[in-house]
Each structure stands twice: as structure tokens, then as C-alpha cells.
Amino acid sequence: MPENLQVVWFKRDLRVNDHVALYTAAQHGPVLPLLIVEPSVWADASASGRQWEFYRECATELQTTLAKLGAPLVVRQHEVLPVLAELRSRLGPFTLWAHAETFTLQSFARDKAMRRWCREVGVKFHEPATFGISRPHPSRLGWATRWESFMQAPLAPTPTKLVGLKGWGGEALPQWPTPLLAPDVCPGRQSGGRCNGLALLQSFLAHRGRAYHARLSSPLTAAQSCSRLSAHLAYGSLSLREVYQRCQTELTGLRPSATTQRRALQAYLSRLYWHCHFMQKLEDEPAQELRPPNPLLTDDALGRTQDGSKFQAWATGHTGWPLVDAVMRELCATGWCTFRMRAMLVSVATQHLWLPTRQVGLHLARCFTDYEPGIHWPQIYMQAGATGANLPRIYNPTKQAIEQDPEATFIAKWVPELRPLPPCWRHQPFAAPPELRATWQLAYPSPWVEEGHARKLAATQLHARRQTPAATQERQRILAKHGSQRAGLPTTRPRKKVAARPSPTLPLFG
Ligand SMILES: Cc1cc2nc3c(=O)[nH]c(=O)nc-3n(C[C@H](O)[C@H](O)[C@H](O)COP(=O)(O)OP(=O)(O)OC[C@H]3O[C@@H](n4cnc5c(N)ncnc54)[C@H](O)[C@@H]3O)c2cc1C
């Protein structure tokens, strides 16, 4: 039986750099790096094939790196407790290390059972933080300062050599995690792995992100000008702290005259703050994966009902609102779209079409390669107006189309049915005079509902719910528990409107 054995369980932290658990474990004894492909995790309704493929690519690169360091990755395709029990019976006592994870309700329950098992069999368990999320979380007061201290702390050194266990590790990764995971076609999905993540960070800082703040909203420019690091942060091929520190170094090195770049980097750094700010919400209230924090604004309370045809139209990009359909088709084909377009998709589904928030959120979760429940669910409920803390923004999809895609080129790319139309009608073919429409013979639907009417109806319903004393009380509770307390930290300056221009460069991923 090996002495002082340290088992390092890799979850969504698929790297050896700034890996506190691995680095610290290696100081205490030989290391057994462990990856558990949990069928139950991949059978969750939010999981998808694109997420698995990205994860697998990250894990494959990690495998190569760990083998070179001297401790090959041990791979198991099973649930966590039987795997740990197998190691315990074959290897005797060990210390277990794993980064704290804020993920699904299912993983939350699994971790509780795992901690109980550790106590029962006498396995010591260490769970260092990997994000700026507080656990346990005393209150939002002082949260921003704690976040900043975490981000500024030195990175965990990268091991140059590990002492592994002879005869352990080197198993192949499964091709597919469980037969319950449906096949998923995503030809434009971005590739996983740390090398790809580092290359994205490098190109973002060197040129792509120079006007990030001005180009992050339009679907014409966002794919190039945003960092595109979200999936790498979600699966941990890059650490949030290393990205933060690279950006800070870049910011410090800027010439005083580089005002645009400074604004871009400041805007970017504030998103990294939001990353953890949102994840803290789910950490503090894990049930937000299933329902909004405000019990007065649930789908049942608001009377949002399932409607198979409407849902299908939205989920496949056939609503009759060209920008909505273009974005949904882009998302299905690439696994990504920018923040504003995500918000618009939710707004249209839950406000105009009055579809149930959870059903909408689950479809989007599967479409996103970067699915991160801690950002996803609080954002879904916020955009659906279901927190009650802020007045919901209800996007007018035609106004967004005209502002964000003025020449309708993005629409033409993703909705080929509309290509033959003059650009001025591609934003709203339904508004063209009937005699003109008759000449087009469009194989494209009309919107399900009249946009202005549906928007007003949704606003009235949500507004009425906010007016009651119970709603005010609930709002105060939510703000106290989840509200941002950024006192003392730098803020980004108010946004200046800059017209979106199509990016002259080629698409990043296929
Ligand atoms: C309804 C909805 C669902 C979303 N679901 C997810 C999700 O599952 N996973 C996810 O990573 N992001 C999610 N976001 C936030 C945001 O849209 C994405 O992080 C961003 O588009 C990813 O692209 P990027 O890495 O190029 O982002 P960049 O614009 O380059 O931002 C850098 C990083 O900051 C973080 N970030 C950016 N915007 C936000 C935000 N508004 N809130 C919290 N963190 C942010 C992300 O980690 C991102 O990688 C969601 C937004 C909405 C409106």
C-alpha cells in the first residue's frame, strides 16, 4: 500500500496550471490523478454532445500532460462513490483533493454523499477554491474585496514532475459518456484543450479584443471580438485567475494614449467579476437550477404554459422574427452566441411567446458548449423577469435586428430563405405590403404573435406582480442575498455607442 497517497480528482478543472489541489497534494506524497466520467452527470437534461466533445478534448490534453509529468491519469466511467470505494479497497487509506465545484443540483447531492463517505471510511478530503466564490458565504458585504484578493493571489506553481503510482493510469477516455446522451450535430463547435484556450487568450489580447466593449453585442462582430474563453473557463482548461492576471498585466503595460484598449480590457475584467458574482447566486441557492429565486414569479404563478408548436418554432429558428431565427440557427450550429443575443432569445421565448422558463433554459443549456449553471440559470431568470429585483428588459427583436445587423448580412447568412429579399425587408418581411410579399413566395413563417402587443402584455403582467407588498418584501430579500456590492472596486465607464461593423477577419472556428 503506498504511503501518504494523494488522490486528485479532476472535475471541471482540466489543467495542471494554477491547480491548487494538484500542486498542494503533490507536496504531501505520491499523486494519483483521477478523472471520473459520471454517467448520471452526462444523462442530465442540461448535458449535450457538444459539451461532452469539448470536455473530452480538454481531458485528452490533460492526459498527455500528466503522463509527461510522471503521473498518468486514471480514468473511470462510473459513479463517484463506487470508484472511490474501489480505490480505497485496492490502495488503502488516501487523502482526497478536489476543487470546490458549483455545478448542478445532482452534483451538489453527489458531493454531500461523497463527504459523508469520506467521514465514514476515514478519508481526509480537501476542497480548495478555484473561482472567486465564497464557501461558506457569510454575506454579500465585502464579497467584491474577497473576490479581488483571490484574483490577485499568486498562481499555484505548475508542477514540473509528479511522483505517480506504478501500474496505474493510462486508460483510454470513453468515446461517449452514456447511451442516454443524445447524438448532437454541431459542425462549428469550438475545440477544447488548453493549447486552444491559450491561443484564444493570446489573440484576444493581441488584436481581437482591442475594441471588445464596442463590438461585443452585435452578432456581426462579437464572435471575433469577444474572448471566446467561456467554455475553457467552464471546463477549467484555463483558470479564471490566470486570465485575470494576464489581462491586468496587459492593462498595466498600456501606453497612456491607448484609451480604447484600456476601456476594452476594463470592460472585459468586469465580465470576469460577473462570472463569479453570478455563480455565487447558485452556490447560495442551488435550487435556482429548477426555479427562480422569487416564488411570486414562477412559471406557474405567471401562467406560462407549454406549447409544443411554439416551442419547436423558437428552438429551431422558425419564429418569423429574422434576427431571432438567425441567432438560434447560429447557436445550434456553433454552440455559441453573444450575451445580448442570448438575452434576446430568452426574452422572446419567455415574454413574447410566454413559454415556460425552465423549458427555455434547458434547450439553451444544451445548445451552449460553455454551459455553466451558475451563470446560466440566474441569467435565464433575470432575462425572463423572474427575479423581481430589476425591471425586465423586453427586447424588440426587429429593433435589435436593425440596430445590430443594419445590412441584414448576418440574417442572410443564417436564414437563407430571406437572401433573395432586398436588405431593407430582411429585418421584417412580415411588414412588407401584401402585394410585394405575394411576389416573393417566401418559405418563411410570419411571427406567431404581434410583437408590440405581446411585449406590452408581458410587461403588464410582470409589472402587476411587482406592485404587491409581498413582491416588495421578496425583492428586498433577493437584493440583500444576491445583489452586487462592488464598493471600492473600479467600474467600467458608461458605454459609448459605436456602430457595429462586420469583422474583416475569418471566422474563428469553422
Ligand atoms: C440567458 C443567458 C445564459 C448564459 N449562459 C451562460 C453559460 O451557460 N455559460 C457562460 O459562460 N456564460 C453564459 N452567459 C453569459 C455570457 O453570455 C457568456 O459568458 C459569453 O457570451 C461567453 O462568450 P465569451 O467567453 O466570448 O465572453 P466574453 O464577453 O469574452 O466574457 C468573458 C467571460 O466573462 C464571463 N461573462 C461574460 N458575460 C457574463 C455575464 N453576463 N454574466 C456572467 N459572466 C459573464 C464569462 O465567463 C466569459 O467567458 C449567459 C448569458 C445569458 C444572457
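In each ligand, atom 1 is the first atom listed, and ligand 1 is the first ligand listed. Keep in mind that this is a model prediction, so the values were computed, not measured. All heavy atoms count here, side chains included; hydrogens, waters and symmetry mates do not.
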J.: Any heavy atom of Ala343 closer to ligand 1 than 4.0 angstrom?
T.: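 Distance cut 4.0 Å: Ala343 passes for ligand 1.
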J.: Would you kindly say whether Thr298 and Arg291 are connected by a side-chain donor-acceptor distance under 3.5 Å?
T.: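 No.
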J.: Do Arg255 and Ser257 pair up side chain to side chain, a donor and an acceptor below 3.5 Å, judged on atom types alone?
T.: yes
J.: Please check if any side-chain donor atom of His232 sits under 3.5 Å from a side-chain acceptor atom of Ser237, or the reverse.
T.: yes
J.: Rounded at 0.5 Å granularity, tell me how far CG in Asp18 sits from CZ in Arg241.
T.: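 If I round to the nearest 0.5 Å, the distance is 4.5 Å.
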J.: Looking at ligand 1, is there an atom of it that comes within less than 4.0 Å of some heavy atom belonging to Pro373?
T.: no
J.: Geometry only, no angles: is Thr338 polar-contacting ligand 1 at N/O separations under 3.5 Å?
T.: no
J.: Of Arg271, Met279, Arg208, Gln51, which has the heavy atom at the shortest distance from atom 38 (N) of ligand 1?
T.: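 Of the listed residues, Arg271 has the closest heavy atom.
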J.: In the protein, what heavy atom is nearest to atom 33 (C) of ligand 1, and what distance, to one decimal place, separates them?
T.: Leu272 CD2, 3.9 Å
J.: Using a 4.0 Å cut-off to any heavy atom of Phe278, which atoms of ligand 1 qualify?
T.: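 Ligand 1 atoms under the 4.0 Å threshold to Phe278: 42 (N), 43 (C).
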J.: Of Tyr395, Trp314, Trp321, which is the lone residue that meets ring-ring contact (aromatic ring centres under 6.0 Å, His included) with His352?
T.: Trp321
J.: Less than 4.0 Å is my threshold; does some heavy atom of Val346 fall inside it relative to ligand 1?
T.: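 So Val346 counts as touching ligand 1.
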J.: Quick check on contacts: which atoms of ligand 1 are under 4.0 angstrom from a heavy atom of Cys337?
T.: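 Answer for ligand 1: 21 (O).
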J.: Whether the Asn294 and Thr387 side chains hold a donor-acceptor pair (N or O, under 3.5 Å, no angle test) is what I'd like checked.
T.: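 There is no such pair (donor and acceptor under 3.5 Å, judged by atom type) between the side chains of Asn294 and Thr387.
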J.: Below 3.5 angstrom, do we get any N/O pair linking Gln379 and ligand 1?
T.: yes
J.: Work out whether the distance between some heavy atom of Phe204 and some atom of ligand 1 is less than 4.0 Å.
T.: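 Checking ligand 1 against Phe204, which is what was asked, there is no heavy-atom contact under 4.0 Å.
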J.: In terms of ring plane angle, is the pair Tyr273 and His277 parallel, tilted or perpendicular, where the classes change at 30° and 60°?
T.: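 Answer is parallel, since the angle falls under 30°.
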J.: Is Arg110 close to Glu101 at the side-chain level, that is, under 4.5 Å between some pair of heavy atoms?
T.: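 Yes, their side chains come closer than 4.5 Å.
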J.: Can you tell which part of Leu229 has a heavy atom less than 4.0 Å from ligand 1: side chain, backbone, both or neither?
T.: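 For Leu229, only backbone atoms sit under 4.0 Å from ligand 1.
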J.: Given Cys367, Gly374, Ser230, Ser46, identify the one with the heavy atom nearest to atom 48 (C) of ligand 1.
T.: Ser230
J.: To the nearest 0.1 Å, how far is atom 26 (O) of ligand 1 from its closest protein heavy atom, and which atom is that?
T.: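 Checked against all protein heavy atoms, atom 26 (O) of ligand 1 sits closest to Arg228 N, 2.7 Å.
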J.: Taking Arg340 for the side chain and Ser218 for the main chain, is one N or O donor matched with an acceptor at less than 3.5 Å?
T.: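 Pair absent, no side-chain N/O of Arg340 close to backbone of Ser218.
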J.: What is the closest protein heavy atom to atom 47 (O) of ligand 1, and at what distance does it sit?
T.: His275 CD2, 3.2 Å
J.: With heavy atoms under 4.0 Å as the rule, classify the contact between Ala222 and ligand 1 as side chain, backbone, both or neither.
T.: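 It is neither part, as no heavy atom is under 4.0 Å.
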J.: Mind checking whether Leu22 and Phe10 have side chains closer than 4.5 Å, heavy atoms only?
T.: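 A side-chain contact exists here, since the closest heavy-atom pair is under 4.5 Å.
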J.: Who's closest to atom 6 (C) of ligand 1 heavy-atom-wise, of Gln224, Arg342, Met341?
T.: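 Heavy atom nearest to atom 6 (C) of ligand 1 belongs to Arg342.
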J.: Could you find the nearest protein heavy atom to atom 15 (C) of ligand 1 and give me its residue, atom name and distance?
T.: Ile375 CG2, 3.8 Å
J.: Counting non-hydrogen protein atoms only, what is the nearest one to atom 9 (N) of ligand 1? Give residue, atom name and distance.
T.: Asp370 O, 2.9 Å
J.: Quick one: which ligand 1 atoms are inside 4.0 Å of a heavy atom on Cys226?
T.: 26 (O), 29 (O), 30 (O)
J.: What residue and heavy atom of the protein are closest to atom 32 (C) of ligand 1, and at what distance?
T.: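 Its nearest protein heavy-atom neighbour is Tyr268 CE1, 3.2 Å.
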J.: Could you check which of Trp336, Phe339, Trp274 puts a non-hydrogen atom nearest to atom 53 (C) of ligand 1?
T.: Phe339
J.: Under 3.5 Å, N or O to N or O, is Gln383 touching ligand 1 that way?
T.: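 Gln383 vs ligand 1: no N/O contact under 3.5 Å.
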J.: Is the closest side-chain donor-acceptor distance between Thr130 and Arg15 under 3.5 Å?
T.: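 Thr130 vs Arg15: donor-acceptor pair found between side chains.
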J.: Any luck finding a side-chain donor-acceptor pair between Ser40 and Glu79 under 3.5 Å?
T.: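 Short answer, yes.
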J.: Does the side-chain hydrogen bond (donor to acceptor under 3.5 Å, both in side chains) test come out yes or no for Asp44 and Ser46, once each step is laid out?
T.: CA-CA 5 Å; Asp44 191 84; Ser46 58; 2.5 Å; yes
J.: Check whether any side-chain heavy atom of Leu282 sits under 4.5 Å from a side-chain heavy atom of Phe103, and report yes or no.
T.: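 They are not in contact (no side-chain heavy atoms under 4.5 Å apart), so the answer is no.
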J.: Which of the atoms of ligand 1 are close to Glu372, meaning less than 4.0 Å from one of its heavy atoms?
T.: 7 (C), 8 (O), 9 (N)
J.: Taking the side chain as every heavy atom from C-beta outward, state whether Val243 and Tyr268 have any atom pair closer than 4.5 Å.
T.: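 Result yes, sub-4.5 Å side-chain heavy-atom pair found.
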J.: Could you tell me, atom by atom, which parts of ligand 1 come under 4.0 Å of a heavy atom of Leu233?
T.: 47 (O), 49 (O)
J.: In terms of atom number and element, which parts of ligand 1 are under 4.0 angstrom from non-hydrogen atoms of Ser227?
T.: 24 (P), 25 (O), 26 (O), 28 (P), 30 (O), 32 (C)
J.: What's the shortest distance from atom 28 (P) of ligand 1 to any protein heavy atom, and which residue and atom give it?
T.: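 Looking at atom 28 (P) of ligand 1, the protein heavy atom closest to it is Tyr212 OH, 3.4 Å.
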J.: Answer yes or no: is there a donor N or O on one side and an acceptor on the other, between the side chain of Arg56 and the main chain of Pro174, under 3.5 Å?
T.: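 Yes: the side chain of Arg56 pairs with the backbone of Pro174.
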J.: Just need the protein heavy atom nearest to atom 5 (N) of ligand 1, so name the residue and atom and give the distance.
T.: His376 ND1, 3.2 Å
